[in-house]
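Read through the structure below, which is laid out as structure tokens, and then see the notes.
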Amino acid sequence: MASAEPPVVVTCSAPVNIAVIKYWGKRDEELVLPINSSLSVTLHQDQLKTTTTAAISKDFSEDRVWLNGQEQDVRQPRLQACLQEIRRLARKRRSTQDGESLPPSLSYKVHVASENNFPTAAGLASSAAGYACLAYTLARAYGVDGDLSEVARRGSGSACRSLHGGFVEWQMGTRADGKDSVAQPVAPESHWPQLRVLILVVSADRKLMGSTAGMQTSVETSALLKFRAEAVVPTRLREMGRCILERDFQGFAQLTMKDSNQFHATCLDTFPPISYLNDTSRRIIHLVHRFNAHHGQTKVAYTFDAGPNAVIFTLEDTVAEFVAAVRHSFPPEANGDKFLKGLPVAPVSLPDELKTALALEPIPGGVKYIISTQVGPGPQVLDDPKAHLLGPDGLLRSRSAA
Ligand code: 2P0
């Protein structure tokens with residue numbers, strides 16, 4: 001029989017982040033401690049986000065988790081690590097709290113449902129948004145406050161950077177217990193309003209080599225990765241911080257491209273080698289360099305994660321012309337009107353001299369579509385009960401009923 005005690009139900013959303021100084025490699029696999037610090041830009045949730053509902057009730061007999069409508073195996077070690085860590089923090093808080101506002105009992109089971117509004121495992125950092133959202137939502141449900149880096153990080157390293165909006169540094173820390181391996185804001189969402197982001201979706205397929213396994217092999221075999229972590233990243237982080245604080249786009253853009261290239265070089269230096277870029281990715285790299293050369297300055301930057309999709313940074317005065325250059329180089333095969341999603345970009349025609357300067361044989365359909373977005377805020381609590389992904393019975397709401 002159902003108890004009189006209503007379930008605690010909380011729904012939150014969390015953003016995707018894109019690293020401009022990349023994380024690749026762990027010094028501690030279990031605690032998810034990185035071999036170098038990293039720095040990222042948080043993308044706007046209007047275009048890319050994870051939404052998560054957590055429900056805690058005396059009536060639930062087991063922990064259950066759904067992702068994009070599919071029930072997951074709750075015994076997955078990453079999921080278990082997050083749940084255990086949040087319950088540990090909740091227990092710690094409980095012992096110091098008065099009886100007035102006690103969170104739900106720690107012996108109650110939790111149901112969690114999560115969904116992304118973008119393709120999972122397409123190299124768009126869905127695990128970062130997903131685990132940041134899980135950590136944030138569970139923290140609200142269990143009444144835990146304070147730094148959630150450890151909870152998110154135990155799910156996926158890069159997830160701790162999605163706990164903040166704007167520009168974020170994940171400091172690697174030096175302690176063996178990882179307590180100082182935390183994400184910290186560098187500048188808020190409002191700091192650089194002219195900065196714009198385009199995601200060029202090359203392939204929405206699942207990647208061949210997951211990040212966790214890939215970086216493990218890199219740590220074991222790549223001398224370049226060791227050199228990068230020790231001798232390159234510390235200087236680059238300081239320089240990137242300066243570029244962001246001074247809104248120095250050329251400096252920011254060049255460093256972003258160099259760091260992406262070095263990350264992919266460490267992948268090739270891994271043995272057996274890992275390659276995440278494909279022919280279209282390399283054509284996008286050429287396109288960006290030719291576009292910049294034509295203008296005589298760095299107006300656009302690319303960065304690539306563990307997949308072939310490009311993330312482009314530019315300023316609002318250049319977005320329209322660069323989108324026209326992408327359309328010219330990768331003519332949409334079908335649904336030309338659906339080629340651009342997200343923030344509107346005014347259509348412009350490409351000047352003939354720029355077409356000549358690009359001098360690339362067009363690849364029809366090479367870029368499937370573009371998501372146009374900008375820098376955005378950190379996780380949010382969604383107060384509207386209609387946002388809940390779980391019904392009052394703690395089971396997945398059907399989309400039609402939601
Ligand atoms: C990053 N990536 O800094 C780098 C750049 C991909 C390339 O963080 O094993 O999913 O869960 O800690 O965070 C992807 O790795 O790996 C990643 P785990 P994660 O964004």
Side-chain angles (χ1 to χ4, degrees), residues 14-43 48 50 76-82 116 120-135 149-164 167-173 178 181 183 186 197 199 206-220 222 225 228-229 232-233 236-237 240 255-268 270 274-277 281 302-311 313:
V16 165
N17 73 77
I18 298 296
V20 290
I21 301 291
K22 306 289 188 192
Y23 148 55
W24 196 252
K26 298 181 189 63
R27 63 180 197 274
D28 185 317
E29 291 284 333
E30 200 194 327
L31 296 178
V32 189
L33 302 177
I35 60 166
N36 61 260
S37 300
S38 55
L39 200 153
S40 61
V41 179
T42 298
L43 304 189
L48 300 157
T50 296
Q76 288 172 63
R78 299 285 187 99
L79 213 48
Q80 283 300 321
C82 289
N116 301 323
T120 303
L124 290 176
S126 62
S127 65
Y131 279 110
C133 208
L134 180 70
S149 291
E150 178 157 11
V151 188
R153 205 186 68 217
R154 295 291 293 270
S156 193
S158 53
C160 67
R161 298 189 312 238
S162 277
L163 291 170
H164 302 282
F167 302 81
V168 184
E169 181 178 335
W170 173 16
Q171 295 164 353
M172 62 180 287
S181 187
V186 171
V197 182
I199 299 165
R206 293 182 84 87
K207 53 196 174 201
L208 287 175
M209 166 71 91
S211 298
T212 307
M215 65 177 81
Q216 207 169 347
T217 315
S218 297
V219 169
E220 284 160 12
S222 171
L225 182 66
R228 163 182 165 72
V232 180
V233 170
R236 280 193 177 168
L237 267 175
M240 186 59 93
L255 208 44
T256 294
M257 292 187 279
K258 286 180 183 173
D259 204 70
S260 172
N261 294 340
Q262 189 176 72
F263 156 54
H264 291 281
T266 66
C267 289
L268 278 187
T270 299
I274 306 167
S275 47
Y276 289 121
L277 306 181
S281 319
Y302 53 78
T303 184
F304 296 83
D305 284 340
N309 297 330
V311 177
F313 291 99

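These numbers come from the heavy atoms of this one structure, side chains and all, not from hydrogens, waters or symmetry mates. Counting convention: from 1, in listed order, for ligands and their atoms alike. Residue numbers run from 1 in the order of the sequence given.
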**Complete:** Of Arg153, Met215, Gln216, the residue with the heavy atom nearest atom 16 (O) of ligand 1 is Met215

**Prompt:** To which of Ser127, Gly157, Ser211 does the heavy atom nearest atom 15 (O) of ligand 1 belong?
**Reply:** Ser211

**Asked** Per the side-chain contact (heavy atoms from CB on, under 4.5 Å) rule, which among Val219, Leu33, Val32 passes with Lys26?
**Response** Val32

**Asked** Atoms of ligand 1 less than 4.0 Å from Val32 heavy atoms?
**Response** 12 (O)

**Message:** I'd like to know whether ligand 1 has Arg78 as a neighbour, heavy-atom separation below 4.0 Å.
**Reply:** yes

**Request:** May I ask you to list the atoms of ligand 1 that are less than 4.0 angstrom from any heavy atom of Lys26?
**Result:** 9 (O), 12 (O), 18 (P)

**Prompt:** Which option, Asp305, Thr212, Val20, owns the non-hydrogen atom nearest atom 5 (C) of ligand 1?
**Reply:** Asp305

**Request:** For Phe313, check ring pair (Phe, Tyr, Trp, His ring centres under 6.0 Å) against everything at least two apart and list the hits.
**Result:** Phe252

**Complete:** Sequence neighbours excluded, the answer for side chain to side chain contact (heavy atoms under 4.5 Å, CB included) partners of Cys267 is Trp24, Phe263, Ile274, Tyr276

**Asked** Going by distance only, is there an N or O of Trp24 that falls short of 3.5 Å from an N or O of ligand 1?
**Response** no

**Item:** Check: Phe304 main-chain N/O paired with Ser260 side-chain donor or acceptor under 3.5 Å
**Value:** yes

**Complete:** Atoms of ligand 1 under 4.0 Å from any heavy atom of Phe263, numbered from 1 in the order shown, are 7 (C)

**Asked** Is any N or O atom of Tyr23, backbone or side chain, closer than 3.5 Å to an N or O atom of ligand 1?
**Response** yes

**Message:** Distance under 4.0 Å to a non-hydrogen atom of Ala19: what atoms of ligand 1 satisfy this?
**Reply:** 1 (C), 3 (O), 20 (O)

**Prompt:** Hey, is the main chain of Pro308 close enough, under 3.5 Å, to the side chain of Ser281 for a donor-acceptor pair?
**Reply:** yes

**Message:** Can you confirm whether more than 12 heavy atoms, excluding those of Lys258, are under 6.0 Å from its NZ atom?
**Reply:** no

**Request:** Can you spot which of Ile21, Leu39, Ile35 makes a side-chain contact (heavy atoms from CB on, under 4.5 Å) with Val233?
**Result:** Ile21

